[in-house]
Amino acid sequence: MSEPTVAFKFLRPGAIGPFSGFRWPQPEGGEAGSWVEAAGAGGPCAGGVHACERRHLPLWIWEELWEVELDGPLEPGLAKLRARRGRLLHRIERWSPLTAKSFAGACAGRAAEHAAAARPDEARVAAGMAADGATRANTAEASADAYVAAHGAAVSAYIAAMTALRVAGREAFDAERAWQADWLTAELGIGV
Amino acid sequence: MPDRHHTEVEEVTCREFVELVTDYLEGALPDRRLELVEQHLVMCDWCKTYLEQFEATVEALPGAAESESPSREAERALLAGFREWRAGG
């Protein structure tokens with residue numbers, strides 16, 4: 001018998017799955033949302049209900065972030081969890097366009113730091129990557145659109161990780177993604 | 001050594017996504033590949049737009065609005081046609 005697991009799920013506005021288009025039942029009156037069971041092939045959650053651990057948050061960024069409860073045996077993927085059923089516990093309100101913009105800016109700064117540490121033969125490309133990260137973060141900052149902010153955050157985080165990879169290899173890539181997860185955890189107050 | 005480190009991280013590129021789009025829409029991708037495709041879609045507006053246009057084309061096929069089963073058949077026909085076109089290209 002497995003214990004329910006608390007994990008995280010980024011969704012589109014209105015608690016809609018970004019890939020499935022499935023509208024998740026939202027919590028009401030202090031009660032968690034209804035359980036969503038994994039459907040068969042072609043269903044809204046074909047193959048399982050998906051969520052992620054906090055360490056993988058930077059890979060799945062969209063406009064809304066929810067804490068979810070998963071039930072049944074967990075199958076870990078590359079960067080997500082799959083379960084037989086799941087439900088929304090509550091929305092993490094601190095994930096907002098403002099937070100997304102701050103995160104994008106922080107990641108752009110990280111990309112610049114990585115680029116500054118590049119060897120001379122890598123410096124030009126790394127500087128270009130960091131400049132792209134800064135452009136994406138600035139675009140997010142200048143927009144009032146929640147999607148642009150979230151997308152800018154996702155892309156800036158990716159660029160920072162790829163700049164680290166370019167400059168210092170896989171361990172630096174993993175360390176950058178871990179730093180990003182820690183940043184989000186601290187900023188959003190979502191604990192371990 | 002311009003791409004020395006890039007091969008060390010598993011990911012799907014835009015070019016690969018175009019190759020995989022039919023399998024993605026049919027739910028035929030293996031779990032690992034599906035996850036990499038979805039990670040790519042989080043970040044890539046170009047591929048998101050491509051996917052939306054592809055889905056819109058499928059939806060616009062004759063018979064798509066009348067009932068569900070013909071649209072599924074039409075979808076398969078389009079996907080098969082796309083595969084043939086891709087193989088020929």
Side-chain angles (χ1 to χ4, degrees), chain A residues 10 12 17-21 39-43 46-48 50 52 56-62 75-82 118-119 121-122 124-126 129 136 139 147-148 150-159 161-174 176-177, chain B residues 1-17 20-59 64 67-76 78-79:
Chain A
F10 277 103
R12 303 302 311 272
F19 305 111
S20 65
H50 297 97
C52 74
H56 293 134
L57 286 170
L59 281 75
W60 297 112
I61 291 172
W62 295 91
E75 290 181 46
L78 292 171
K80 65 181 179 184
L81 301 169
R82 184 168 66 179
R119 295 193 321 269
D121 62 326
E122 294 275 12
R124 189 172 173 190
V125 172
M129 295 169 77
R136 305 293 190 131
T139 300
Y147 172 77
V148 175
H151 185 251
V155 174
S156 298
Y158 174 76
I159 289 172
M162 294 306 287
T163 308
L165 178 72
R166 178 91 196 192
V167 169
R170 179 58 195 251
E171 284 185 12
F173 175 92
D174 291 338
E176 176 56 38
R177 283 303 200 185
Chain B
M1 298 180 288
D3 286 316
R4 176 171 44 118
H5 296 306
H6 279 259
T7 56
E8 297 173 18
V9 171
E10 193 177 3
E11 61 177 342
V12 165
T13 63
C14 298
R15 186 188 181 106
E16 287 167 330
F17 177 72
L20 295 171
V21 69
T22 52
D23 286 344
Y24 176 71
L25 288 173
E26 288 180 330
L29 287 176
D31 288 346
R32 189 182 184 92
R33 205 73 176 148
L34 174 62
E35 187 173 336
L36 292 171
V37 163
E38 290 180 345
Q39 282 184 29
H40 180 77
L41 286 172
V42 168
M43 293 177 301
C44 185
D45 271 342
W46 189 92
C47 286
K48 276 200 278 268
T49 302
Y50 178 80
L51 177 62
E52 287 166 6
Q53 290 175 344
F54 198 95
E55 287 178 306
T57 303
V58 170
E59 299 237 341
S67 66
E68 290 199 0
S69 51
S71 74
R72 187 64 185 157
E73 287 173 17
E75 179 183 337
R76 288 186 193 287
L78 180 72
L79 294 175

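- Neither the backbone nor the side chain of A/A150 comes within less than 4.5 Å of any heavy atom of chain B.
- Neither the backbone nor the side chain of B/L34 comes within less than 4.5 Å of any heavy atom of chain A.
- Electrostatic pairing of B/D45 and B/K48 counts as a salt bridge here, judged by a charged N lying under 4.0 Å from a carboxylate O.
- Both the backbone and the side chain of A/W60 come within contact range of chain B, each with at least one heavy atom under 4.5 Å from a heavy atom of that chain.
- Side-chain contact, B/E52 with B/T49: no donor N or O sits under 3.5 Å from an acceptor N or O.
- B/E11 and A/Y158 form a side-chain donor-acceptor contact under 3.5 Å, judged by distance and modelled atom types alone.
- By the 4.0 Å N-to-carboxylate-O rule, B/D31 lies close enough to A/R82 to be salt-bridged with it.
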